[in-house]
Amino acid sequence: MTMVIAIDSKAPPRPSKRRTQEERTASTRQALFEAAVRTIDRLGYAGANNATIADDAGISRGAITHHFSTRAAFMAEVVHWVFDQETRLFRDLMKQRHVGARVSDWPALLWDVFSRPSGVAVFEILVASRSDPELAALVLPMQEKIEKTGASNFMHMVGEGDSNMAAIRLVVWAIRGMTVGRSFINDPEGMDQAVGVLSRLLERAVPSGRFADLQSI
């Protein structure tokens, strides 16, 4: 007599992989950065205290002081995190829209990125550093490094050589200033039109489209 042993075709579920401490830390930091951006955009820098940010992130209120030595250190890391996010976003937008090689392309690209909550949050942090020496000591050197790195990345993306800081600052800070103006001017369509005017001015000023030629006008 042959004995038949029935085998259950359904394999037992595999136990879920437990995250490492490093992965949990990275996840918590990411959640806090995202919550900081949302909260600063909504309430301003002064209104975005640690408790409010932690509540928005759905994390214990002691998480920020656990992961960052001070509030200033946390805000400096928010600035750095936003820069990394914006760098990837710029590359994605250039690829999707097939733009970026001409000077006149950049007002619209910068407006799309800087007018988002992350751009507003960074501007709020930079302004707050003017009256907060501890924040300034961390944020301003980081901002200087970010500017240089961003300029180098930018010139590489548009296929030009040395960083043209004067031209880049002209376009970047014109748009950053407009993101602040948006908070006081209830005319979204008019702000978009203003970005278009800047693009057309740059196209007329620099027919070649090259940033290197912008500084020579």
Side-chain angles (χ1 to χ4, degrees), residues 29-45 48 75-129 139-140 142-160 163-203 206 209-211 214:
R29 288 168 64 94
Q30 172 89 3
L32 288 172
F33 293 151
E34 292 175 350
V37 163
R38 289 191 299 268
T39 307
I40 295 172
D41 178 56
R42 188 174 74 252
L43 302 175
Y45 180 83
M75 290 300 168
E77 287 301 318
V78 170
V79 172
H80 191 275
W81 177 79
V82 169
F83 171 72
D84 288 341
Q85 302 302 306
E86 290 181 341
T87 299
R88 285 191 285 270
L89 181 55
F90 278 126
R91 290 196 178 108
D92 290 344
L93 290 174
M94 289 174 67
K95 185 176 180 180
Q96 293 166 10
R97 300 176 184 177
H98 305 288
V99 297
R102 301 185 65 81
V103 177
S104 56
D105 293 337
W106 280 86
L109 282 168
L110 290 165
W111 179 248
D112 194 335
V113 175
F114 289 166
S115 62
R116 298 178 186 222
S118 55
V120 175
V122 165
F123 195 90
E124 289 260 1
I125 294 171
L126 292 176
V127 172
S129 71
V139 169
L140 297 187
M142 181 176 291
Q143 171 60 25
E144 182 178 350
K145 181 179 179 180
I146 284 173
E147 183 184 55
K148 291 179 179 178
T149 303
S152 178
N153 292 342
F154 173 82
M155 299 306 282
H156 177 73
M157 285 190 285
V158 300
E160 297 196 30
S163 300
N164 185 339
M165 293 306 300
I168 292 172
R169 285 170 176 160
L170 170 66
V171 181
V172 166
W173 287 99
I175 298 301
R176 280 207 184 276
M178 287 183 62
T179 64
V180 178
R182 189 188 58 167
S183 301
F184 306 99
I185 301 172
N186 186 23
D187 183 12
E189 184 177 349
M191 297 299 284
D192 289 339
Q193 290 173 351
V195 173
V197 169
L198 179 56
S199 294
R200 292 191 295 275
L201 286 172
L202 290 172
E203 184 65 30
V206 192
R210 291 174 52 82
F211 265 84
L214 181 57

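- Within the structure, the salt bridge (Lys or Arg N to Asp or Glu O under 4.0 Å) test picks out the following pairs touching residues 167-177 (sequence neighbours left out): Glu147-Arg169.
- A pairwise comparison of heavy atoms in Met94 and Leu109 identifies CG-CD1, 4.1 Å as the closest pair.
- To the nearest 0.5 Å, the span separating CG on Leu89 from CG on Asp84 amounts to 12.5 Å.
- Evaluation of the salt bridge (Lys or Arg N to Asp or Glu O under 4.0 Å) test over residues 103-124, restricted to residues two or more places apart or in two chains, returns Arg97-Asp112, Asp112-Arg116.
- The aromatic rings of Phe90 and Phe114 sit perpendicular, their planes meeting at an angle over 60°, well past the 30° parallel limit.
- Evaluation of the side-chain hydrogen bond (donor to acceptor under 3.5 Å, both in side chains) rule for Arg29 yields no partner, not counting sequence neighbours.
- Taking all atoms of both residues into account, the shortest heavy-atom contact from Val78 to Ala36 is CG2-CB, 3.9 Å.
- Here the closest heavy-atom approach between residue Ile146 and residue Val79 is recorded as CD1-CG1, 3.9 Å.
- Between Trp81 and Val37 there is a side-chain heavy-atom pair separated by less than 4.5 Å.
- The two atoms that bring Ala174 and Leu198 nearest to each other are CB-CD2, 4.2 Å, heavy atoms only.
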Could you go through the side-chain contact (heavy atoms from CB on, under 4.5 Å) check for Val171 and Phe211 one step at a time?
CA-CA 10 Å; Val171 181; Phe211 265 84; 4.2 Å; yes
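- Heavy atoms of other residues, nucleotides or ligands lying less than 6.0 angstrom from CG of Asp92 number more than 12.
- A heavy-atom distance below 4.5 Å is not found between the side chains of Val120 and Ile40.
- Not a single side-chain hydrogen bond (donor to acceptor under 3.5 Å, both in side chains) links Arg91 to another residue, sequence neighbours left out.
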Please step through side-chain contact (heavy atoms from CB on, under 4.5 Å) for the pair Arg182 and Ser115, ending with a clear verdict.
CA-CA 8 Å; Arg182 189 188 58 167; Ser115 62; 3.6 Å; yes
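- For Ser104, the side-chain hydrogen bond (donor to acceptor under 3.5 Å, both in side chains) partners are Glu203, not counting sequence neighbours.
- Distance check: Ile168 CD1 to Trp106 CH2 gives 9.0 Å after rounding to the nearest 0.5 Å.
- When the side-chain hydrogen bond (donor to acceptor under 3.5 Å, both in side chains) test is applied to Glu34, the partners found at least two apart in sequence or on another chain are Gln30.
- The line from CE of Met75 to OH of Tyr45 is 5.0 Å long, rounded to the nearest 0.5 Å.
- A distance of 12.0 Å separates OG of Ser199 from CH2 of Trp111, quoted to the nearest 0.5 Å.
- Using a 4.5 Å heavy-atom cutoff, the side chains of Lys148 and Met165 are not in contact.
- Across all their heavy atoms, Met191 and Met178 have their closest contact at CE-O, 3.2 Å.
- Arg88 and Gln85 make their closest contact through NH2-NE2, 2.8 Å (heavy atoms, listed as atom of the first residue, atom of the second, distance).
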